[in-house]
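Only heavy atoms go into these numbers, but all of them, side chains included; no hydrogens, no water, no symmetry mates. In this chain, residues are counted from 1 in sequence order.
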Amino acid sequence: MMVQRILILDGSPAGESACGMAACVLAEGDKLSVLDAEVVAGKQAAEGINLLADRVLQKAGWGAGTGIQPDLVAVVVGPGSFTGLRASCAVAAGFALGAGSPLVGVTRAEALAPALDKELQHHPELEGWLVVTPARRGRVFVEDAQHVRAAMIANWQPPEGSWLVAGDAREALSFAHAVHCPLHMPTPEQIAAAALKRQMGKLSARDPVPLYVDPPEAKLPADGLRAQPV
């Protein structure tokens with residue numbers, strides 16, 4: 001039986017849900033076991049996700065000095081916090097490079113999709129599922145099985161029909177006919193399962209870089225950029 005060691009990083013949650021998560025997952029065939037995981041709330045935790053990753057690697061007995069490296073590094077690429085995504089994707093790339101391991105990115109909905117699809121089996125009247133997560137300034141990200149978009153809460157126009165609605169901002173959007181699902185953020189096992197599918201080609205290719213939906217807030221200085229140093 002093939003055994004894979006997977007390092008999981010997720011700094012995507014934004015707003016009041018902002019947090020950083022790192023986990024070591026062991027994949028033995030179809031069985032996924034979390035050896036160690038840490039979740040710390042707050043934007044600062046996502047920015048310091050390298051420290052979380054280092055701690056879980058030490059607790060799992062992997063990493064520098066052990067002779068045991070992750071076979072795969074998986075990172076949640078979004079949608080979510082600009083800062084959290086930049087930090088977690090950069091740290092994941094660094095760990096993958098240092099360990100000589102492949103790097104795989106998955107979205108939040110890709111990780112939650114199997115559980116959501118299973119839930120839909122109990123609601124044949126529904127059109128499908130939506131994952132709603134916090135954005136900024138009265139906005140949310142809405143991800144379905146095909147794509148992700150940002151929406152203003154005040155101007156939200158729900159799709160026709162009834163939908164299964166998950167995600168940590170699912171209560172922010174009004175629906176005439178919605179079934180709210182308690183799934184809000186993917187677990188390490190769900191992220192690992194999606195990452196393995198992508199690695200095996202069962203999910204379409206995706207670069208392990210931040211999935212930015214909103215444009216950046218940073219603007220060029222009014223007086224232009226400084227001259228290049230001589």
Item to check | Salt bridge R149-D144, side-chain N to carboxylate O under 4.0 Å | outcome: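 Yes.
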Item to check | Short N-O contact, E110 and R198, less than 4.0 angstrom | outcome: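 Yes, this pair counts.
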Answer whether the closest heavy-atom distance between the side chains of [X] and [Y] falls below 4.5 Å.
{"X": "W129", "Y": "V165", "result": "no"}
{"X": "D168", "Y": "R108", "result": "yes"}
{"X": "L120", "Y": "L126", "result": "yes"}
{"X": "C89", "Y": "V209", "result": "no"}
{"X": "V142", "Y": "V148", "result": "no"}
{"X": "V34", "Y": "D36", "result": "no"}
{"X": "T83", "Y": "K43", "result": "yes"}
{"X": "I8", "Y": "V56", "result": "no"}

Checklist entry - Do W156 and F175 have their ring centres less than 6.0 Å from each other? => result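 Yes, ring centres under 6.0 Å apart.
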Checklist entry - When you look at E38 and K59, which way does the salt bridge (charged side-chain N to carboxylate O under 4.0 Å, His left out) test go after all the steps? => result CA-CA 11 Å; E38 284 202 28; K59 291 179 182 178; 2.9 Å; yes
Next on the checklist: To the nearest 0.5 Å, what is the distance between CG on L112 and OG1 on T187?
Outcome noted: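 Output value for this atom pair is 8.0 Å.
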Next on the checklist: Let me confirm one number: the CD1-SG distance from I6 to C24, rounded to the nearest 0.5 Å.
Outcome noted: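 Going from CD1 on I6 over to SG on C24, the span is 10.5 Å.
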Does atom [atom1] of [X] have more than 12 heavy-atom neighbours, drawn from other residues, nucleotides or ligands, at distances under 6.0 Å?
{"X": "H180", "atom1": "NE2", "answer": "yes"}
{"X": "E171", "atom1": "CD", "answer": "yes"}
{"X": "E125", "atom1": "CD", "answer": "yes"}

Checklist entry - Would T107 and E143 satisfy side-chain hydrogen bond (donor to acceptor under 3.5 Å, both in side chains), going step by step from the backbone distance to the final call? => result CA-CA 9 Å; T107 72; E143 190 175 3; 2.6 Å; yes
Between the side chain of [X] and the main-chain N/O of [Y], is any donor-acceptor distance below 3.5 Å?
{"X": "S101", "Y": "P70", "result": "yes"}
{"X": "R5", "Y": "Q69", "result": "yes"}
{"X": "S88", "Y": "G84", "result": "yes"}

